[in-house]
Amino acid sequence: MSNIRFSANDYCIGALTIFAKYTCPYSLLTNQCEELLEDNVQGPLLPNGEFQYQTPTKEDTGVRGRRDAISTNNGDLNAAYVQENLASMNDQLAKTFDKVDNTLNKSKEVYESVKEMLNPKAKLAYNLPYQKTSIEKTTPEGIAEQILLKNNIVVYSGSGISVASGLATFRNEGGFWLYGGEKYLISQILSTESFKQDPLLTWTWAQDFRRQVALSGPNPAHFAIASVQRLCQEKDINFTLITENFDGFHVQAANALEMHKRKSQPEESKDTFYSDPQDERYGFTPEVYEVRGNANFMSCSNFCSPKLYASPPIHQNLSEVPRCPKCGELARPHILFVDEFSSEEQYRAETVLRRVANVDCIILIGNALESHFSTLLLSQAVNNDALIIDINTLPACESGRVRQLQGKAETLVPQLCKIIVSTLTKPKVSLDATNFIELLKKSMKAL
């Protein structure tokens with residue numbers, strides 16, 4: 001049998017490989033451990049973790065050469081060599097284990113930080129000044145006055161607000177799409193990979209979704225928000241409406257109010273959306289920020305321009321994928337896919353973030369806070385120590401100054417908005433001498 005040189009590095013790296021491969025609980029860290037191990041000599045392992053050895057050949061050079069040349073030879077090794085170098089081997093083993101421990105500890109910290117940062121439901125104080133968390137339950141009557149004391153009000157709605165209209169939230173048991181005897185999750189339909197593989201399937205879903213929208217319509221919560229937004233504009237109160245929904249209900253509600261106003265006050269009416277297809281801004285709504293798009297429109301899948309076009313009529317069963325009118329490439333529904341991020345060109349993301357920079361009150365309605373964009377908005381609100389009002393069937397926000405209104409959006413939102421409208425439209429009493437005397441008399445009687 002040939003003499004086998006088995007170095008201290010061979011010994012150390014074998015033990016480390018077992019450690020990294022079989023005991024490390026963080027699969028995310030495996031590559032980092034292996035990179036560290038590559039700096040030493042690695043020996044291949046049997047499934048049970050035992051080493052295999054062979055005599056190095058002439059081609060063996062350096063660390064990797066020795067590693068690749070080591071395989072089985074009856075399990076023998078140069079015991080005298082090992083005994084002779086045992087002290088240095090143990091010393092190097094201890095040092096290398098220290099390196100791995102440090103790598104694991106640092107990587108674990110990074111892993112936990114990233115996990116915390118990417119989890120919108122976690123405390124959103126990552127890399128932010130310390131903010132006190134205060135969560136209290138409240139009522140529409142108890143919170144309306146506090147809202148009106150704020151200077152920059154943001155309403156941020158999610159799919160929960162449209163449940164009363166008959167649309168699924170895509171996260172409950174009804175959030176599947178049945179087609180051709182198959183059940184599809186929203187993530188299976190609205191992703192870049194899915195669209196590449198079967199764009200017609202994505203379009204078939206979009207047409208089916210638009211038919212559901214057409215058969216339903218905005219509910220009382222949508223109309224209540226639209227009325228408050230209109231009133232805030234008249235009173236010069238900063239009010240921003242942002243939605244993650246692509247059903248277009250907020251836009252429909254705003255348009256319905258505008259049509260009503262045109263009949264009663266035509267001289268004061270204005271366009272609530274860019275309705276001219278030739279307009280570069282066509283499909284966008286100045287007063288409703290749809291950060292996930294609107295299913296009634298489509299755009300170029302090759303992004304030849306940010307311009308939007310009308311989607312095919314909802315009664316049309318598509319046999320082929322629509323094309324971009326400008327360049328002829330495949331068109332896609334104007335909906336943000338689950339593996340994409342909102343852009344300024346198509347979703348006005350940067351404009352929204354600028355508008356919420358000074359937010360001091362954010363009203364969350366039917367929003368599960370599970371998107372990247374919701375993390376950004378809520379982080380800004382927490383950083384500003386803003387008042388956060390969480391209107392949900394189940395509480396969603398766990399950071400900042402949160403006031404919870406637990407219940408259905410179609411019930412709580414109209415109640416809250418009615419109080420706000422009533423307060424804003426209440427005539428102001430001028431406090432002249434006569435009124436002051438009458439007020440004083442009433443106060444004295446009360447005493």
Side-chain angles (χ1 to χ4, degrees), residues 120-121 137-140 143 154-179 183-190 205-229 241-257 285 288-296 314 333 335-336 338 362-371 373-374 377-378 388-398 402-418:
K121 286 192 174 182
K137 290 189 176 181
T138 188
T139 62
I143 201 64
V154 173
V155 169
Y156 184 41
S157 70
S159 57
I161 196 174
S162 296
V163 169
S165 297
L167 299 184
T169 64
F170 303 122
R171 293 186 179 92
N172 58 20
E173 292 182 359
F176 291 97
W177 180 52
L178 295 175
Y179 178 70
K183 264 187 178 182
Y184 293 92
L185 288 168
I186 189 66
S187 57
Q188 293 176 287
I189 302 297
L190 297 181
W205 173 87
Q207 291 292 86
D208 191 43
F209 175 78
R210 292 176 61 217
R211 293 186 192 104
Q212 294 180 47
V213 170
L215 290 172
S216 49
N219 63 56
H222 296 103
F223 287 110
I225 293 169
S227 63
V228 169
Q229 182 176 28
L241 174 55
I242 308 166
T243 182
E244 287 199 340
N245 301 338
F246 40 77
D247 50 37
F249 284 156
H250 281 295
V251 177
Q252 289 183 38
N255 289 342
L257 286 182
T285 307
V288 182
Y289 291 92
E290 298 171 301
V291 293
R292 292 187 68 87
N294 188 319
N296 293 313
I314 58 174
I335 298 173
L336 185 74
V338 294
I362 184 167
I363 305 173
L364 310 172
I365 305 174
N367 202 315
L369 304 179
E370 293 182 353
S371 70
F373 203 79
S374 65
L377 294 188
L378 204 52
I388 302 171
I389 301 167
D390 184 9
I391 303 177
N392 263 305
T393 52
L394 294 174
C397 184
E398 300 173 355
V402 184
R403 300 297 176 264
Q404 294 174 345
L405 280 169
Q406 193 166 344
K408 295 181 178 179
E410 64 270 22
T411 302
L412 292 172
V413 173
Q415 289 176 6
L416 178 61
C417 291
K418 183 178 179 180

Minimum heavy-atom separation for [X] and [Y], please, with both atom names.
{"X": "Ala224", "Y": "Ser227", "result": "O-OG, 2.6 Å"}
{"X": "Asp390", "Y": "Ala396", "result": "OD2-N, 2.7 Å"}
{"X": "Cys417", "Y": "Val228", "result": "CB-CG2, 3.5 Å"}
{"X": "Ala295", "Y": "Ile335", "result": "CB-CD1, 3.9 Å"}
{"X": "Ile161", "Y": "Ala221", "result": "CG1-CB, 3.8 Å"}

task: Could you tell me whether the side chain of Val291 reaches within less than 4.5 Å of the side chain of Leu336, counting heavy atoms only?
output: no

message: Quick check: do Asn255 and Thr285 have side-chain heavy atoms less than 4.5 Å from each other?
response: no

Not counting sequence neighbours, which residues clear side chain to side chain donor-acceptor pair (under 3.5 Å) with [X]? List them please.
{"X": "Ser165", "value": "Asn219"}
{"X": "Gln229", "value": "none"}
{"X": "Arg292", "value": "none"}

If you measure from [atom1] on [X] to [atom2] on [Y], what distance do you get to the nearest 0.5 Å?
{"X": "Tyr156", "Y": "Thr243", "atom1": "OH", "atom2": "OG1", "value": "8.0 Å"}
{"X": "Leu364", "Y": "Ile242", "atom1": "CG", "atom2": "CD1", "value": "10.5 Å"}
{"X": "Ile186", "Y": "Trp205", "atom1": "CD1", "atom2": "CH2", "value": "4.0 Å"}

In a table with atom names and distances, give each donor-acceptor pair under 3.5 Å that connects a side chain of residues 402-412 to protein atoms at least two apart or in another chain.
unit_1 : atom_1 : unit_2 : atom_2 : d
Arg403 : NH1    : Ser134 : O      : 3.2
Gln406 : NE2    : Thr393 : O      : 3.1

- prompt: For Ile225 and Ile365, what are the C-alpha separation, side-chain angles and deciding distance, and is it a side-chain contact (heavy atoms from CB on, under 4.5 Å)?
  reply: CA-CA 10 Å; Ile225 293 169; Ile365 305 174; 3.6 Å; yes

query: What residues form a side chain to side chain contact (heavy atoms under 4.5 Å, CB included) with Ile314, not counting sequence neighbours?
result: Arg210, Arg211, Ala214

message: Working note: Asn296 + Val213, criterion side-chain contact (heavy atoms from CB on, under 4.5 Å); need CA distance, chi angles, decisive distance, verdict.
response: CA-CA 10 Å; Asn296 293 313; Val213 170; 5.5 Å; no

side-chain contact (heavy atoms from CB on, under 4.5 Å) between Ile388 and Leu378, worked out: CA-CA 9 Å; Ile388 302 171; Leu378 204 52; 4.0 Å; yes

- request: Verify the distance criterion only: is there a donor paired with an acceptor across the side chains of Ser374 and Glu244 at less than 3.5 Å?
  value: no

Please list, one pair per line, the donor and acceptor atoms closer than 3.5 Å that link side chains of residues 245-253 to other protein atoms, with sequence neighbours excluded.
unit_1 : atom_1 : unit_2 : atom_2 : d
Asn245 : OD1    : Ser159 : N      : 3.0
Asn245 : ND2    : Gly158 : O      : 2.9
Asp247 : OD1    : Phe249 : N      : 3.0
Asp247 : OD2    : Ser162 : OG     : 2.8
His250 : NE2    : Ser157 : OG     : 2.8

